[in-house]
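Sequential numbering from 1 along the given sequence is applied to the chain's residues.
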Amino acid sequence: MAGWQRPCSPLPVDGHAVSRPTESPQITTVLDPNRPSTRCTLGAVFILRFIKRVASLGIILIAIAAVSATAALLVLPRAGTIITAHEGTAADLELNVLAERSSMFASDGTFLTVLTETENREPISLDDTPQPVIDSILTVEDADFYEHNGVNLRGTFRALVENINAGGITQGGSTITQQLVKISLLSSEQNLSRKSTEAFYALRLERQMTKDEILERYLNTVYFGSGAYGIQAAAETYWGYKDASELGWAESALLAAIIRNPTQFDPTRFPEAARDRRTVVLNRLLATGHLTEEEADLYKLAPLPAERQEPISTKPRDYFVEEALQALLKDPTILGGDAQDRFNLIYRGGLKIHTTFDPSAQAAAERARAELLPETEEGFTVAIATVDTHSGAVRALVGGPEFDREKFNLATQGLRQPGSSMKTYVLAALFEAGYSPNDVVRADGPCSFPDKTSRTGRYTVGGRFRGRQSIAAVTRASNNCAFVRLGQVVGNDKVAQAARRLGITTLPSFAGDLLSLPLGVTVVHPMEMAGAYAALGNDGRYNKPWYIDRVEDRNGNVIYQKDTDDWTKAVDTNTARLISEILESNIISGTGTRARLDGGHIAAGKTGTTNDFVDAWFVGYTDYYATAVWLGNPDDATTRIRIPGWRGFGGGLPATIWGAYMNEIHEDLAPVDFPEPDRVKGGRYLRVEGEIDYCAGTSVQGRTAGTELIDSDQDGRADCFRPIPTTTAPPPEPDPQPQPDPQPTPTTAPDTDEVLPD
C-alpha cells in the first residue's frame, strides 16, 4: 500500500546506536536522519527522550505532580466557596508562633550570646533582606508569587514541564504560600487530602495577609540546614556574617539551592551536589534576566563554604553566661512557670536578656590573672567574683581556667575553706552583741581549750606571745588564738548566725559547736564571700548576688525587671561601719597591705590562708565593688600552694591580684570614703570562761622569752601564768608575715594542730 510504512524497529536514543539481540551475531544499525524512511524513527526518539527524562525524576516526582494537579483541580470548583466563606464567617488562620532564639546582653548593651536549641532563628524584616536573596528564592521557588492568589496551576504545570526537560527538579510546584501553609499548619505527608487542604488554606492566607507579609514570614521560617532557620541564621551559619545584608548573588543562589533539600545540598557535606544545584539556580537567574551571562559565569566560580561557621555562640561559652542561664532556668521569680515553661521561653521565645555583666571589669579580672599568676605544673589557678557593693549585681566572674576546658565554676560551685577571711563574721557577731573594737583580748599563743568535738578532748592552736590587744589590733595581725577566744566569748553559734545572715549558705548545722569556726575550717563559695563583704560596705544591707537585670519578650515588652530594693538587713549599720573601719586599717597596716589602691581610693579587706598553705584568699571592697579572690589547686584540696616567687599566704599573690584588678576598674571613678561609725565605748577585757589567765599584777607588755605557770595560792596546782622577761635584747623582729590558719576537715575541728597567724 502506497505510503504505508512498517512499524519502527528498535531505534537509537540521543544519536547513539542501539542493538537488539537475535540468534545470529549482534547487528548494529545506525540511522540516517536525512532518509525519509526514518521519520517515524525520529518521532520515536523524541518520545523515548521524554520518557527517559520523566523516569529520571523518579516515581516521587510523578506522584507529587499528580497530587498537585489533582489538588489544583479540586480547588477550582471550590475556590469561590472558600473565598466567600472567608469574607463572611471563616476565622483567620493562626500560624504557629515561630521558635526564635533568645539573645543575651551585657549591662552596657554589648551582645554576649544567643540561646537556641534545635531551631536557630533570628527573624529579620523583608526590608532588611537583600534583594538578591529575594530574587533568587522567588525565581526558583515561585516566579509568579506576586501574580497568583495562593495557588498557581499554570506555574505547577510549567514547573513540571521544565523539570522534565531538565531531567531533574529545577523549579518547585507549590507556591511559597502553599509551602508556608505546609510548614506552619500541616504535616509533610504527601496525600490528596493534605494537598487539598494546603490549597484551600493558601487561598485563605492570601486574603488574610499581604504578599510582603507572607514572603517575610516564609524567609524567616524556611530551613537551610545545619540548624539554621531563616535568612539571618543561614548567613551566620555558612559564611559567618553578622548581618544578612552582607549576602550577595553567589550566596543568595546557594541559599535558594539549599531549600529544595537542605541535607542533600549541604555545601559543607556534599559540595559537588551543592555546586550543581547552585548552577541550576544561576542559570534560572540568567534566563529571567536577573544576571548577565558574565555575572552568572563569575558566580558559578565562587567558592562554597567549606565548614559551618559559629560567628556567635549558641551555647554558653563562659562562666558568667552559664550562671545567668542557670538563674533563668531555675529561678521562677524571673520568668515564672515551671521548669519546662522556662526552658521553652528561653530557647524558643525570642527573649532579649539584659544582664549585670560588665565587660571592662571582666577583661580587667582576666588580665590580672593572666599577668600575675605564673603557670605551674600543678595547675594552680584563681577564682574571682565581683559584685556591686550597693546592689549585689554580679559584674565579673572568673570561675577558674578556660571555660571550654573546665566547665566547673570555682567561684559559684567551688567549696574551699576561707581561712582567716572568716574572722570578719566574728567581728559582726561581736559588734551586734554590743562589744567594741577597743575591747581587749589575750593574743598570746600557743593556746589550748577543752573541746568535745576533738578526739583528744582539747583544741590547740599555735602562735607567739602577744599579750593583750584590742579587737582591732588582733584583726590586723590576724591572730588565731585571739579569734578562737573571741568566738567563745560571743558564742560561735552567734558567729554562724551572722555569717548566714550575710549570705553564707554552706555552714553545717553544727558549725556553732566548732571552736575552730573563727579560723575558717568550714567551706564557702567565693561568690558568697563577695556578696557578704559587699553588705558590710552597704551599711549592713545584704543583696544576694544576681545576674539578670531585665528581660524583654520578642516584641520588646519588659516581662521582668529586677527589684534593686530587694535587700535584707543582715547587720546593724554601725556594726558594718565599725567592721569597715577595722578592715580598712588592715589594708593600710595589717596583713592586706598588698591590696592597697592608688588614686586615693579607700578599700577594706581581709586575708585568709588555710593550714599547710592549701587555700589562699583576699576578700575586700570599696564603695563601688566587692571582690573575692581565691587561689589554689582546683582539682585537689590538699595540694600545698607552690608558686615561684610567692609564699602561699592570702596576703601575698591573692592580695596582689586583688589590688591590680581593683586598681584598674577604679581608674575612672572618684574616691569615696566609708561612712564614719558612731563611737562606742570600749576597753573591756574579754576572757574565756575557765581558761587559765595571767597572774594578778602581771605586766603583759614588752618582749618575753615565754611564760611560766604559777601556783599563786600555794594549793599545789598552777592557777595562773606570767611572762618570762628576756635577759638580752633580741635582734629587731621583722614585720609580722601572714601565716596559715588551721585546716581540719569541714566537719570537725583540728586536733592539736599548731597554727601560725596569717
Side-chain angles (χ1 to χ4, degrees), residues 94-107 109-124 183-185 187-188 217 220-230 232-234 236-237 262 308 310-357 392-394 397 399 403-404 406-409 411-413 505 525 527 544-563 566:
E94 293 187 9
L95 301 182
N96 63 333
V97 178
L98 288 180
E100 184 178 332
R101 70 191 187 192
S102 295
S103 300
M104 189 176 287
F105 303 91
S107 59
T110 302
F111 172 82
L112 293 180
T113 190
V114 296
L115 300 172
T116 184
E117 195 190 23
T118 56
E119 295 187 32
N120 178 19
R121 179 184 287 111
E122 176 72 19
I124 59 174
I183 296 171
S184 303
L185 298 174
S187 70
S188 58
R217 169 82 181 207
N220 285 312
T221 303
V222 68
Y223 182 51
F224 290 97
S226 302
Y229 289 78
Q232 178 62 40
E236 296 166 353
T237 299
R308 300 167 191 173
E310 292 185 87
I312 53 178
S313 172
T314 58
K315 298 292 180 184
R317 289 289 184 86
D318 61 62
Y319 293 105
F320 182 94
V321 169
E322 176 63 25
E323 289 300 317
L325 173 59
Q326 292 305 313
L328 291 166
L329 289 169
K330 296 178 180 178
D331 187 350
T333 66
I334 299 177
L335 296 179
D338 59 22
Q340 188 61 52
D341 292 334
R342 294 191 291 273
F343 182 91
N344 292 337
L345 195 55
I346 293 168
Y347 287 105
R348 298 172 59 86
L351 304 179
K352 301 295 184 288
I353 303 161
H354 298 269
T355 71
T356 61
F357 184 73
V394 179
L397 183 59
F403 180 78
D404 289 338
E406 296 283 346
K407 297 294 193 296
F408 186 77
N409 191 334
T412 60
Q413 299 171 283
T505 65
H525 298 305
M527 180 60 74
K544 183 179 179 180
W546 50 282
Y547 303 85
I548 308 299
D549 180 49
R550 74 180 186 280
V551 179
E552 300 171 4
D553 65 15
R554 67 175 70 202
N555 298 317
N557 302 312
V558 176
I559 60 175
Y560 170 78
Q561 178 70 62
K562 170 66 178 177
D563 180 8
D566 182 21

Looking only at atom types and distance, does a side-chain atom of Q413 sit under 3.5 Å from a main-chain N or O of N409, one as donor and one as acceptor?
yes
Give the minimum heavy-atom separation between G399 and Y319, together with the two atoms involved.
N-CD1, 3.4 Å
Does any part of the side chain of D549, heavy atoms only, come nearer than 4.5 Å to the side chain of S107, both counted from C-beta?
no
Do the non-hydrogen side-chain atoms of T355 and Y547 ever get within less than 4.5 Å of each other?
no
Tell me whether N555 contacts the main-chain N or O of N557 through its side chain, where contact means a donor paired with an acceptor under 3.5 Å.
no
Please lay out, stage by stage, how L397 and E323 fare under the test side chain to side chain contact (heavy atoms under 4.5 Å, CB included).
CA-CA 9 Å; L397 183 59; E323 289 300 317; 3.6 Å; yes
So how far is it from I353 CD1 to S103 OG, rounded to the nearest 0.5 Å?
8.0 Å
I'd like to check M104 versus L328 (side-chain heavy atoms, cut-off strictly below 4.5 Å). Are they in contact?
yes
Measure across G337 and P332 and return the closest heavy-atom pair with its distance rounded to 0.1 Å.
O-CB, 4.4 Å
F111 and F105 aromatic ring geometry - parallel, tilted or perpendicular at 30°/60° bounds:
perpendicular
Say you draw a straight line from OG1 of T333 to NZ of K562; how long is it, rounded to the nearest 0.5 Å?
7.5 Å
What are the two closest heavy atoms between R121 and N220, and how far apart are they?
NE-O, 2.6 Å
Nearest 0.5 Å, what's the CG-NZ distance between L325 and K330?
9.5 Å
Locate the shortest heavy-atom distance separating I346 from S102; write the atom from each residue and the value.
O-OG, 2.5 Å
State, with a plain yes or no, whether a side-chain heavy atom of T412 is found less than 4.5 Å away from one of Q326.
no
Indicate yes or no: at least one non-hydrogen side-chain atom of L335 is less than 4.5 angstrom from one of I559.
yes
Between CG on residue L345 and CZ on residue R554, distance to nearest 0.5 Å:
9.0 Å
Using the side-chain contact (heavy atoms from CB on, under 4.5 Å) definition, which of the options T116, L115, T113 pairs with R101?
T116
Considering only heavy atoms from C-beta outward, does the side chain of V394 approach that of M527 to under 4.5 Å?
yes
Among residues at least two apart in sequence or on other chains, which ones pass ring-ring contact (aromatic ring centres under 6.0 Å, His included) with Y229?
Y223
Distance (rounded to the nearest 0.5 Å) between T505 OG1 and K544 NZ:
8.0 Å
Residue pairs passing the salt bridge (charged side-chain N to carboxylate O under 4.0 Å, His left out) test with at least one member in residues 340-354, sequence neighbours excluded, are E119-R348
Measure across A233 and N120 and return the closest heavy-atom pair with its distance rounded to 0.1 Å.
CB-O, 3.0 Å
Which atom names give the shortest non-hydrogen contact between I548 and T356, and what distance separates them?
N-CG2, 4.3 Å
